[in-house]
Amino acid sequence: MSETGKKKRAVASVTDQEALDFHAHGRPGKLEITPTKPMATQRDLSLAYSPGVAVPVKAIAEDPSRAYDYTARGNMVAVISNGTAILGLGNLGALASKPVMEGKSVLFKRFADVDSIDLEVDTENVDEFINCVRYLGPSFGGINLEDIKAPDCFIIEQRLRELMDIPVFHDDQHGTAIIAAAGLINALALTGRDFKTTKLVCNGAGAAAIACIELIKAMGFAPDNVILCDTKGVIYQGREEGMNQWKSAHAVDTDRRSLKEALDGADVFFGLSAKGALTAEMVKSMAPQPIIFAMANPDPEITPEEVTRIRDDAIVATGRSDYPNQVNNVLGFPYIFRGALDVRATTINDAMKIAAAQALANLAKEDVPDDVAAAYQGNRPRFGAQYIIPVPFDPRLISAIPVAVAKAAMDSGVARRPLLDLDAYARELKARRDPIASTLQNIYARVRRHPKRVVFAEGEEEQMMRAAVSYANQQLGTAILLGREERMRSVAEKAGIDLDRPGIELLNARISKRNDAYTDYLYARLQRNGYLFRDAQRLINNDRNHFAACMVALGDADGMVTGLTRNYSTALEDVRRCIDAKPGHRVIGASLALCRGRTVLVADTAVHDMPSAEELADIAEEAAGLARRLGYEPRVAMLAYSTFGNPSGERSERVREAVKMLDKRRVDFEYDGEMAADVALNPKIMEQYPFCRLSGPGNVLVMPAFHSASISTKMLQELGGSTVIGPLLVGLDKSVQIVSMGAKDSDIVNMAALAAYNAGV
Ligand SMILES: NC(=O)C1=CN([C@@H]2O[C@H](COP(=O)(O)OP(=O)(O)OC[C@H]3O[C@@H](n4cnc5c(N)ncnc54)[C@H](OP(=O)(O)O)[C@@H]3O)[C@@H](O)[C@H]2O)C=CC1
Ligand SMILES: CC(=O)C(=O)O
Ligand SMILES: [Mg+2]
């Protein structure tokens with residue numbers, strides 16, 4: 001098992017400042033509520049509110065199950081905490097738990113399309129807490145309890161399960177247990193152990209720990225082979241100090257008293273306690289090929305690097321996303337609730353938990369297909385010590401886990417709405433997958449595999465520095481900040497940014513040794529366009545866009561990002577003085593609009609003001625090429641205000657002409673037009689044109705002119721709630737991206753990653 005010797009972080013961690021900025025940026029926090037129905041007219045109001053709303057009210061009063069048809073209840077889960085055991089940070093109170101609870105709600109949505117709201121209940125009194133939650137049942141399809149300390153959590157969950165007819169699931173208990181069990185199934189298989197004879201020591205005897213050992217005992221572990229420890233040491237029969245009934249149920253007849261003694265010769269360590277609880281000496285004393293799940297968050301009981309320093313035969317997992325083998329309940333709760341909600345389960349029972357664990361364990365043994373490899377930083381992991389469990393971004397989870405959970409719910413008789421066709425259900429689940437993250441995830445993953453040197457031309461700007469640090473931190477390559485070092489350091493110091501870290505280079509254009517080479521290069525390009533040698537010299541010495549673009553042109557950097565302080569067209573002119581279009585290509589701008597449930601590429605959003613028919617055909621070709629590079633099979637809709645000749649007009653004529661040119665060029669992608677945007681995007685409307693050659697809604701929208709491209713993408717962003725990335729510069733011979741003025745650091749990092757991606761990965 002020597003591959004464990006190579007154990008390293010998959011992705012570098014974030015800084016404290018980045019974490020705070022992330023949460024504070026824009027609308028503070030991580031959640032907002034979006035209506036699903038229009039509320040624009042008097043009629044809408046009459047339907048949504050009084051008098052129309054009375055009709056579903058009466059229907060639900062007559063038949064409560066209609067609430068699933070007429071309200072958001074069926075897809076809504078509450079994440080509820082009192083903050084008494086926030087991660088491994090301890091009791092920091094209800095309010096302080098809110099970032100975690102908002103985070104869990106977002107994960108519900110992001111991973112399984114479950115709507116969720118966080119509720120922080122400000123009491124440590126068990127009865128008050130139960131009383132508060134029990135009456136909330138009508139609002140939700142399920143209750144996810146979170147970060148409530150043991151033993152209170154056991155009483156709370158048990159009572160609420162009795163009182164409520166919807167699933168009540170304490171995630172720290174069962175979510176953790178399911179994921180740990182899945183990892184354990186695979187780690188045991190890899191080390192040739194079986195459930196019945198394996199000896200396991202669990203440090204921590206709280207919510208997560210008790211649930212974990214209950215589940216693995218239900219799966220076949222012998223009670224005598226499981227030793228539980230807490231802050232007072234081994235939980236042995238007859239111990240009195242610090243005990244409760246849940247610990248007593250797992251007390252063993254042993255003369256071992258400390259964690260150190262318990263671990264001597266043990267096969268498996270489960271850590272659900274606190275940072276640093278497992279020492280080198282303890283790891284050394286474990287059996288050959290030990291299995292170590294150090295699951296405390298945010299810092300594990302021991303780090304994988306520390307284990308590797310001691311022995312190279314261990315299988316190690318942690319609760320963190322920045323190491324291989326993340327055993328974290330995020331792999332479970334979104335999908336378990338998805339399955340439970342879809343069959344309107346009354347509860348989440350053991351059969352459903354075991355089915356989820358088994359499905360998760362099986363997934364890790366399957367081959368990783370191409371479209372899934374991106375979730376693994378572009379690697380294609382093979383079942384083994386470094387890959388015992390899928391990662392949270394694995395797109396197969398959304399169809400694998402809920403199906404297993406729903407089936408177990410039906411088989412065990414707790415489903416109120418059985419699903420008859422599980423294959424159809426699996427297809428439906430796949431369609432819930434949010435394409436947004438996978439697009440970017442794919443780009444980031446590929447760049448990580450082939451890190452690139454990207455020059456951040458406006459290096460003295462705080463956002464550029466933050467973006468550069470994030471670029472380096474995410475192991476995308478080297479970020480070169482261009483500017484006066486003294487100035488950069490002073491800005492960085494004021495902003496609390498640490499520039500002295502691996503992956504960051506500071507470069508002062510004025511004193512660079514490459515100025516002469518860049519000046520010669522630029523002069524050779526511009527001398528017949530009215531520029532004197534000293535003009536070229538001035539541009540290189542004084543203008544960072546020209547300097548940075550020449551760095552890229554002459555191979556001193558792979559890509560460049562600029563635009564924060566200069567408008568797009570000026571920055572583009574600067575760059576074009578130094579870099580040409582790729583031979584046979586046309587430079588265009590394309591924006592990626594990430595909307596609810598779909599991603600579209602809009603072009604040309606940057607370069608051609610009033611494109612001719614030929615230019616429109618070129619734009620279609622460039623945009624289709626970009627779509628393919630981003631992993632989409634292009635369906636290019638050539639947009640206009642008219643559809644297939646109606647109404648006619650000069651602008652639409654050009655678009656029709658462009659389509660004819662594409663016909664002549666025999667391009668290898670789907671295209672058609674001219675058509676209006678609703679025809680391109682709405683399959684029902686497209687059906688009215690049965691001759692249309694697009695096999696589905698357009699995903700590349702070629703606009704008739706710059707103004708319509710620019711206006712529509714900005715409206716999508718401002719009114720449609722879309723995330724718009726770009727315009728991305730396409731067709732340049734070297735990789736340059738221009739951000740919009742005043743862009744946020746996160747936008748700049750995305751563009752830097754895209755510059756790196758386009759540089760060839
Ligand atoms: N990876 C994952 O998905 C998850 C990880 N966790 C992590 O597990 C840990 C416990 O969480 P949870 O069960 O919710 O919390 P609880 O408060 O319910 O339980 C904490 C338990 O840990 C014990 N403990 C604390 N410090 C030590 C120590 N140094 N040595 C031995 N035992 C110790 C406590 O002992 P005592 O009873 O004596 O006080 C208690 O039994 C946290 O770090 C949390 O982040 C939790 C859920 C999910
Ligand atoms: C992951 C989690 O829920 C915890 O650490 O509490
Ligand atoms: Mg938790």
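Counting convention: from 1, in listed order, for ligands and their atoms alike. The figures that follow rest on heavy atoms only: side chains count, while hydrogens, waters and symmetry mates do not.
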Please check if the number of heavy atoms outside Gln237 that lie under 6.0 Å from its CD is greater than 12.
yes
Does CD belonging to Glu162 count more than 12 external heavy atoms closer than 6.0 Å?
yes
Give a yes or no on whether Lys365 atom NZ has more than 12 heavy-atom contacts from other residues, nucleotides or ligands under 6.0 Å away.
yes
What part of Val100, side chain, backbone, both or neither, has a heavy atom within less than 4.0 angstrom of ligand 2?
neither
Check: Arg257 main-chain N/O paired with Glu261 side-chain donor or acceptor under 3.5 Å
yes
Pull out every atom of ligand 1 sitting under 4.0 Å from any heavy atom of Ala274, numbered as shown with elements.
26 (N)
At under 4.0 Å between heavy atoms, is it the side chain or the backbone of Thr231 that contacts ligand 1, or both, or neither?
both
If you measure from the Lys or Arg side-chain nitrogens to the Asp or Glu carboxylate oxygens, is any gap between Arg320 and Asp299 under 4.0 Å?
yes
Proximity to ligand 2 by part of Asp147, non-hydrogen separation under 4.0 Å
side chain
Parallel, tilted or perpendicular: rings of Phe221 and Phe195 (30°, 60°)
perpendicular
Identity of the nearest option to atom 6 (N) of ligand 1, non-hydrogen atoms only, from Met295, Glu301, Lys149
Met295
Does this structure show an ion pair linking Asp230 with Lys232, if we count only N-O contacts that are shorter than 4.0 Å?
no
Record the part of Lys104 in heavy-atom contact with ligand 2 below 4.0 Å; permitted values are side chain, backbone, both and neither.
side chain
Measure Asn297 to ligand 1 on non-hydrogen atoms and call it side chain, backbone, both or neither using the 4.0 Å cut-off.
both
Classify the contact between Leu87 and ligand 2 as side chain, backbone, both or neither, using a heavy-atom distance cut-off of under 4.0 Å.
both
What atoms of ligand 1 come within less than 4.0 Å of a heavy atom belonging to Ala208?
13 (O), 46 (C), 47 (C)
Here's a test for you: under side chain to side chain contact (heavy atoms under 4.5 Å, CB included), which of Leu119, Val133, Val168 qualifies with Phe140?
Leu119
among protein heavy atoms, the one nearest atom 5 (O) of ligand 2 is Asn297 ND2, 2.8 Å
Check whether Asn329 reaches the backbone of Gly332 with its side chain - one donor and one acceptor, N or O, closer than 3.5 Å.
no
Please list, in chain and residue-number order, the protein N/O/S atoms closer than 2.8 Å to the Mg ion (ligand 3).
Glu146 OE2, Asp147 OD1, Asp172 OD1
In terms of atom number and element, which parts of ligand 1 are under 4.0 angstrom from non-hydrogen atoms of Val327?
1 (N), 2 (C), 3 (O)
Ion pair present between Glu102 and Lys30, side-chain N to carboxylate O less than 4.0 angstrom?
no
Main-chain N/O of Glu32 paired to Arg27 side chain as donor or acceptor, under 3.5 Å
no
Tell me whether the count of non-hydrogen atoms from other residues, nucleotides or ligands lying under 6.0 Å of CG in Asp264 goes above 12.
yes
For Val330, which part has a heavy atom under 4.0 Å from ligand 2: side chain, backbone, both, or neither?
neither
Which ligand 1 atoms, with their elements, are less than 4.0 angstrom from a heavy-atom of Ala296?
7 (C), 43 (O)
Indicate yes or no: does Lys104 engage Asp171 in a salt bridge with an N to O separation below 4.0 Å.
yes
If you measure from each non-hydrogen atom of Ala85 to ligand 1, which part falls under 4.0 Å: side chain, backbone, both or neither?
side chain
Mark up the atoms of ligand 2 that fall under 4.0 Å of a heavy atom belonging to Glu146, in ascending order.
3 (O)
Within ligand 1, which atoms have a heavy atom of Ala205 less than 4.0 Å away?
21 (C), 40 (C), 41 (O)
Which of the atoms in ligand 1, numbered in the order shown and given with their element, are less than 4.0 Å from a heavy-atom of Lys247?
36 (P), 37 (O), 38 (O)
Those atoms of ligand 1 less than 4.0 Å from some heavy atom in Ala150
18 (O)
Any ion pair linking Lys196 and Asp194 (charged N to carboxylate O, less than 4.0 Å)?
no
Quick check: are there more than 12 heavy atoms from other residues, nucleotides or ligands sitting under 6.0 Å from NZ of Lys407?
no
Is there a polar contact, in the sense of an N or O pair closer than 3.5 Å, between Asn328 and ligand 2?
no
What atoms of ligand 1 come closer than 4.0 angstrom to any heavy atom of Leu87?
42 (C), 44 (C), 45 (O)
Could you tell me which atoms of ligand 2, counted from 1 in the order shown, lie closer than 4.0 angstrom to a heavy atom of Asn329?
1 (C), 2 (C), 3 (O)
Which segment of Ile86 sits under 4.0 Å of ligand 2 when only heavy atoms are counted
neither
Are Phe108 and Phe333 close enough that their ring centers fall under 6.0 Å?
yes
